[in-house]
Amino acid sequence: MSPQEVRDWVRAARRIVLLSGAGMSAESGVPTFRDAQTGLWAKFRPEDLATEDAFRRNPSMVWDWYAMRREALRQVEPNAGHRAVAAFQQRHPGRLAVVTQNVDGLHQRAGSPGVLALHGNLAADRWLDAPRACCDVAVLRTGSPPSCPVCGNLRRPAVVWFGELLPAAELAAAEDAAAACDLMLVVGTSGMVYPAAGLARATPGRVVVLNPHASDLDDAADAVLRGTAAALLPLLLEEQG
Ligand code: APR
């Protein structure tokens, strides 16, 4: 399949879902999940840090890892892929839904409306344990992580850690969108993590994988485009003449 043939599928599609993973943000300078971690964090695997157990065992280390990632995010911008998606949504309201595994908020910053963020949002925090009356974000004890000065409840990143349930409302909306679409663009994901990857196997729509490398969802695809998000999405989504 050529990008031009897939572009024809886009033009014919009434309901499109874009399912994105870390590769969507690679050209913004955000390392993908399974790239080797760099620097101080090189000796850790995300799977060893992004868990509630890891956080309870060593809250300051896990908090600092997220603080480093938040700081890194402040330096990056949405790329041409994010912008092409948001521009398409602008021109065709309601025709394309974004479902993302990314917690970097770049689809949202590019202007995409109604992004279904299945794994949460790196920029937000929540309470580690169910908040009590004393747990008030207006009076936090500062620290890494911040905490409630009365009961010691810790703040944690509002992301979905390994082994945790996905936000039910977002997942249900993503499943509904996948069930109703006639085209799903699967962009920048290794397809290794469920239930997100399962959306590409459950949809009745045509599935197109956009990835410079082989992925676990290639076998579920009606077409595979070997290329990057920032190069391919403008080709597929930009209005022709
Ligand atoms: N454009 C498109 N795809 C790219 C690009 C690019 N420029 N660069 C890399 N990729 C592809 C890689 O080939 C890989 O298949 O992006 C994919 C990134 O895969 P992962 O790093 O596994 O990220 P992802 O699939 O999003 O991981 C899913 O797993 O670790 C958990 O919760 C975490 O959301 C994450 C989930």
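Counting starts at 1 for both ligands and their atoms, in listed order.
Compare Gly23, Ala50, Ala230 by their heavy atoms: the one nearest to atom 5 (C) of ligand 1 is in Gly23. Proximity annotation for atom 14 (C) of ligand 1: of Thr32, Asn211, Leu232, Asn211 comes nearest, heavy atoms only.
In this structure, Leu237 CG and Gln89 CD are separated by 9.0 Å, a value rounded to the nearest 0.5 Å.
Between Gly188 and ligand 1, a contact under 3.5 Å exists for at least one N or O pair. Close N/O approach between Glu27 and ligand 1 is found [any backbone or side-chain N/O within under 3.5 Å]. For ligand 1, one of its N or O atoms has an N or O atom of Ala22 under 3.5 Å away. Looking at ligand 1, you'll find an N or O of Gln101 within less than 3.5 Å of one of its N or O atoms. Looking at Ala229 next to ligand 1, an N or O pair under 3.5 Å apart turns up.
Arg141 CZ: more than 12 foreign heavy atoms inside a 6.0 Å radius. No more than 12 heavy atoms of other residues, nucleotides or ligands lie within 6.0 Å of CZ in Arg15, so this atom counts as exposed by the packing criterion. Heavy-atom neighbours of Gln90 CD from other residues, nucleotides or ligands within 6.0 Å: at or below the threshold of 12.
Arg206 places none of its side-chain heavy atoms less than 4.5 Å from the side chain of Asp182. Side-chain atoms of Leu185 and Val85, non-hydrogen and from C-beta on, never get closer than 4.5 Å to each other.
When hydrophobic clusters are built by joining Ile, Leu, Val, Met, Phe, Trp and Tyr residues whose side-chain heavy atoms come closer than 4.5 Å, directly or via intermediates, Met24 is grouped together with Leu236.
By the criterion of a heavy-atom distance under 4.0 Å, both the backbone and the side chain of Thr228 are placed next to ligand 1. Only the side chain of His119 comes within 4.0 Å of ligand 1, judged by heavy-atom distances.
Ligand 1 has no atom lying under 4.0 Å from any heavy atom of Ser215.
Numbered from 1 in the order shown, with element, the atoms of ligand 1 that lie under 4.0 Å from a heavy atom of His213 read 13 (O). Close approach of ligand 1 to Gly21 (heavy-atom distance below 4.0 Å) involves ligand atoms 26 (O).
Residues Thr100 and Ser20 bring a donor and an acceptor atom of their side chains to less than 3.5 Å of each other.
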